[in-house]
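Here the structure is laid out as structure tokens; the discussion comes afterwards.
The analysis underlying the following values was restricted to heavy atoms, covering all of them including side chains, and did not include hydrogens, waters or symmetry mates.
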Amino acid sequence: MSDVSGRAMRSMTGFGIGEVTLGEGRVLAEIRSVNQRFLDVRTRLPRELAEIALFAEQVVRERLRRGRVELVVRTEGPVLTAATLDVARARAAFRQLLALRDELAPGAELPLALLSAVPDLFIPPAGPELAAVRDAVRRAIEAAISAMDAMCRAEGEALLADLSGRCQALRRLIEAIASQADGLREAAQRRLHERLERLLASAELTVDRGRLELELAILVDKSDFTEELTRLRSHLDQLEGVLAASGGEPVGRRLDFLLQEMVREANTLGAKAQDASVSQIVVGIKVELERLREQVQNVE
């Protein structure tokens with residue numbers, strides 16, 4: 001799922017952990033991803049690192065392209081010094097609170113706890129210390145992504161094997177229908193001819209046989225599914241070609257598009273089929289296509 005070149009097929013489902021030592025403490029990152037058409041990143045960082053939440057999300061977006069991703073960053077031990085009190089600002093705020101007290105309620109108690117409601121009284125760490133923390137967070141996230149990437153590679157290999165096997169099963173089903181196509185066309189034409197002859201024998205009106213033969217040919221042509229078989233084969237060839245060359249860019253969307261087109265052709269073929277055995281095979285094709293589509297949803 002990273003942008004490293006020479007990639008194999010990857011699943012979008014994975015998990016990884018990264019860890020970086022910083023001073024006497026550690027920064028740990030856990031990342032998990034599940035399939036989703038677009039990239040959706042959700043981050044959760046401890047309060048002391050809240051200011052770099054957007055930075056952490058950007059690190060993820062630099063490496064991933066699709067999936068719903070959850071990133072959790074946590075720390076163990078001291079990695080960042082505590083925020084320091086801005087004494088001058090606190091004194092000024094308390095003096096203003098005292099003045100307001102003297103104006104509104106002279107002599108009333110004024111607890112120091114009120115200062116906790118004053119924003120920006122504490123100054124977070126900055127400069128080199130914060131830069132070191134950001135660097136540690138980046139390295140921990142990248143390590144977690146690399147670990148997740150290895151898991152996605154392994155699952156991607158299993159997906160590739162399953163998809164390839166299902167493509168072979170699909171091709172056998174398509175060829176099983178193709179082997180019957182000519183015979184079915186001739187049978188359909190023969191049935192229509194027989195029906196036409198019965199109608200002509202019982203008709204009392206004069207009928208233009210040439211016109212009827214033309215209409216008969218049109219009906220036979222409408223029930224012919226040779227074009228659907230040709231397109232199914234073509235789409236399947238492209239599908240297998242994409243799987244064979246899956247070391248390039250992400251292929252999930254392209255595979256999904258091809259499968260949608262194959263479903264359309266299968267539906268048309270099923271509507272045209274006038275034979276029970278063909279209809280049964282078409283059902284098998286639809287089942288395999290649905291299984292393929294379910295698997296492809298996990299492919300990056």
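In this structure, S179 contributes its side chain and A176 its backbone to a donor-acceptor pair below 3.5 Å. A donor-acceptor contact shorter than 3.5 Å is absent between the side chain of R66 and the backbone of M12. Put simply, the side chain of Q297 gets close to the backbone of R293: a donor and an acceptor are under 3.5 Å apart.
For the atom pair M148 CE and I17 CD1, the distance stands at 12.5 Å (nearest 0.5 Å). Atoms CD and CG, on Q295 and L160 in that order, are 11.5 Å from each other to the nearest 0.5 Å. The OG1 atom of T268 sits 10.5 Å away from the CD atom of E227 when rounded to the nearest 0.5 Å. In this structure, CG in L239 is found 11.0 Å from OG in S234, a value given to the nearest 0.5 Å. Distance check, rounded to the nearest 0.5 Å: CG of L236 to CG of L232 gives 8.0 Å. Distance CD1/I145 to CG/L71: 7.5 Å, rounded to 0.5 Å.
Checked for salt-bridge contact, R139 and E142 miss the test: no charged N lies under 4.0 Å from a carboxylate O. Salt-bridge formation is not detected for the pair D237/R233: no Lys NZ or Arg NE/NH1/NH2 atom is positioned less than 4.0 Å from an Asp or Glu carboxylate oxygen. Ion pairing of R291 with E294 is absent here, as no side-chain N (NZ or NE/NH1/NH2) approaches a carboxylate O to less than 4.0 Å. Electrostatic pairing of R74 and E30 counts as a salt bridge here, judged by a charged N lying under 4.0 Å from a carboxylate O.
Across T13 and S11, no two heavy atoms sit closer than the pair N-OG, 3.0 Å. G270 and V282 make their closest contact through CA-CG1, 3.9 Å (heavy atoms, listed as atom of the first residue, atom of the second, distance). Contact between A144 and A29 at its shortest, heavy atoms only, is CB-O, 3.6 Å. Across every non-hydrogen atom of G16 and A147, the tightest pair is CA-CB, 3.9 Å. Across C152 and G14, no two heavy atoms sit closer than the pair SG-CA, 3.9 Å. In terms of heavy atoms, A140 sits closest to V27 at CB-O, 3.9 Å.
Neither V299 nor M151 shares a network with the other; the hydrophobic side chains, linked directly or stepwise wherever heavy atoms of I, L, V, M, F, W or Y lie under 4.5 Å apart, form separate groups for each. V20 and F55 are assigned to two separate hydrophobic clusters, defined by single-linkage of ILVMFWY side chains at heavy-atom distances under 4.5 Å. Under a hydrophobic clustering in which Ile, Leu, Val, Met, Phe, Trp and Tyr are joined whenever their side-chain heavy atoms come within less than 4.5 Å, directly or via other members, V137 and V72 fall into different clusters. The hydrophobic clustering, which links ILVMFWY residues whose side-chain heavy atoms are closer than 4.5 Å, places V34 and V296 apart. L243 and L159 fall within the same hydrophobic cluster, where Ile, Leu, Val, Met, Phe, Trp and Tyr residues are linked whenever their side-chain heavy atoms come under 4.5 Å apart, directly or through other members.
No more than 12 heavy-atom neighbours from other residues, nucleotides or ligands sit within 6.0 angstrom of CG on L54. Around CZ of R166, the count of heavy atoms belonging to other residues, nucleotides or ligands within 6.0 Å exceeds 12. Environment of CZ in R44: sparse, with no more than 12 heavy atoms of neighbouring residues, nucleotides or ligands closer than 6.0 Å. Open room surrounds CZ on R264; 12 or fewer heavy atoms of other groups in view lie less than 6.0 Å from it.
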Derivation and outcome, salt bridge (Lys or Arg N to Asp or Glu O under 4.0 Å), residues E62 and R138: CA-CA 11 Å; E62 289 173 0; R138 171 184 283 279; 3.3 Å; yes
Evaluation steps, side-chain contact (heavy atoms from CB on, under 4.5 Å), between L28 and E19: CA-CA 4 Å; L28 298 101; E19 175 185 328; 4.1 Å; yes
Audit row: I285, I177, side-chain contact (heavy atoms from CB on, under 4.5 Å) steps and yes/no: CA-CA 10 Å; I285 289 175; I177 293 179; 3.7 Å; yes
Verdict with reasoning, V278 to L269, per side-chain contact (heavy atoms from CB on, under 4.5 Å): CA-CA 9 Å; V278 171; L269 194 157; 4.2 Å; yes
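Contact of the R63 side chain with the I141 side chain is not registered, since no non-hydrogen atoms from C-beta on lie closer than 4.5 Å. Taking 4.5 Å as the limit, every side-chain heavy atom of L292 sits out of range of all side-chain heavy atoms of M262. Residues N267 and K286 meet the side-chain proximity criterion, which asks for heavy atoms closer than 4.5 Å.
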